[in-house]
Number of protein chains: 2
Amino acid sequence: MPRSVAGPEIERLIQLLARLPGLGPRSARRAALHLIRKKEALLAPLADAFAEARDSVKVCSNCGSVDTSDPCAICADATRDPSVLVVVEDVADLWALERAGAVNARYHVLGGTLSALDGRGPEDLNLAKLVERASDGLITEVILALNATVDGQTTAHYITDTLAKSGVKVTRLAHGVPVGGELDYLDEGTLSAAIRSRTPF
Amino acid sequence: MPRSVAGPEIERLIQLLARLPGLGPRSARRAALHLIRKKEALLAPLADAFAEARDSVKVCSNCGSVDTSDPCAICADATRDPSVLVVVEDVADLWALERAGAVNARYHVLGGTLSALDGRGPEDLNLAKLVERASDGLITEVILALNATVDGQTTAHYITDTLAKSGVKVTRLAHGVPVGGELDYLDEGTLSAAIRSRTPF
């Protein structure tokens, strides 16, 4: 074991930073040193931001997203289309759709996908609440904005079956060429899907 | 400007995290979400660690390193050789030497190198204190553990000149093949230096 190179408070900060995704032990040390050098400009504000996030972050009991209020700002937003519900795997996907301004509706966060390999079944996902929300009489369309992976598509099929008797329309995201994408770099599955779903020019 | 996707406390945390070296806006979002998901295991301990670091980190008035005490633990460590002083550019270099257990002496952190390009002169570095320490009568050798870059070597020459009249021996790190290094991947300068400084086997 290498010698400890700084006080226990600094060592502890480095160890915890190293557990963030995208940072390893080496970059955590670099980040900690950067923080210490910019104590007033960065370390102190981050200390406050962490304390505030710890005290204020909640999981929305309606949609499963995270925010500082429950229900979250999106669920509480009266300007959103009440007839559409967008189902996502994860809060990160919700954020991505919101950044794009792709849809002005409410969301439902599953908290993962079904996965035979990882042993995740329907009871591990936020599904009961989805069925309840889809049956509220207002929602007429559920958009499945799930990843185009095997697990994502398995989950999409399962949700389609589950919602079949509720009478709502279930749709999914279009497959095709990403905007700005070059055909040469795309896989065969995407190209085939883009040809099949071609649109008049 | 994209729509804000979460409460202001979360947005602020993401913005500050994005200013850490090694994290961009995208990975900062991922890190924030990871933290929020692991609220008890990671967010709360990090909030405490940040607050503690903010309140306890100090710059050592003797050597310029950072620690939670002043003088730092290394300067205060009576088991270190008082006759040797290791000069480094940066706290990160000090930490690297300490991790390696390379030398059991005290350090002096310059806080950078001389750089004509970046407009850093001798007055921008922690040099006056170095001259003072080198003249304390105990120190007989100053090891220049500076990076093998143009700026590092310029700084090494400047310090050697500055300390010439103090009578201490000034040495620098050996150049050569890194342990585990393959000759095929090394530059000509390193190989030439390794040949020049060859040692009996």
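What's counted below: heavy atoms across the whole structure, side chains too, no hydrogens, waters or symmetry copies. So you know, we letter chains A, B, ... as the sequences are listed, proteins then strands, and number each from 1.
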Taken to the nearest 0.5 Å, the spacing of B:Trp95 CH2 from A:Ile14 CD1 works out to 4.0 Å

Okay, A:Leu13 and chain B: the region with an atom under 4.5 Å from a heavy atom over there is both

Heavy atoms under 4.5 Å from chain A: which residues of residues 31-59 of chain B carry them? B:Ala31, B:Leu33, B:His34, B:Leu35, B:Ile36, B:Arg37, B:Lys39, B:Ala41, B:Leu42, B:Leu43, B:Ala44, B:Pro45, B:Leu46, B:Ala47, B:Asp48, B:Ala49, B:Phe50, B:Ala51, B:Glu52, B:Ala53, B:Arg54, B:Ser56, B:Val57

For A:Glu123, enumerate each residue passing the salt bridge (charged side-chain N to carboxylate O under 4.0 Å, His left out) test, keeping only those at least two apart in sequence or located in another chain. none

Interface residues of residues 138-161 of chain A facing chain B - non-hydrogen atoms under 4.5 Å apart: none

Which members of residues 166-194 of chain A, sorted by number, sit under 4.5 angstrom from chain B on a heavy-atom basis? none

How long is the gap from CG on B:Leu23 to CG on A:Leu23, to the nearest 0.5 Å? 4.5 Å

Residue A:Ala92 versus chain B: region with a heavy atom under 4.5 Å: both

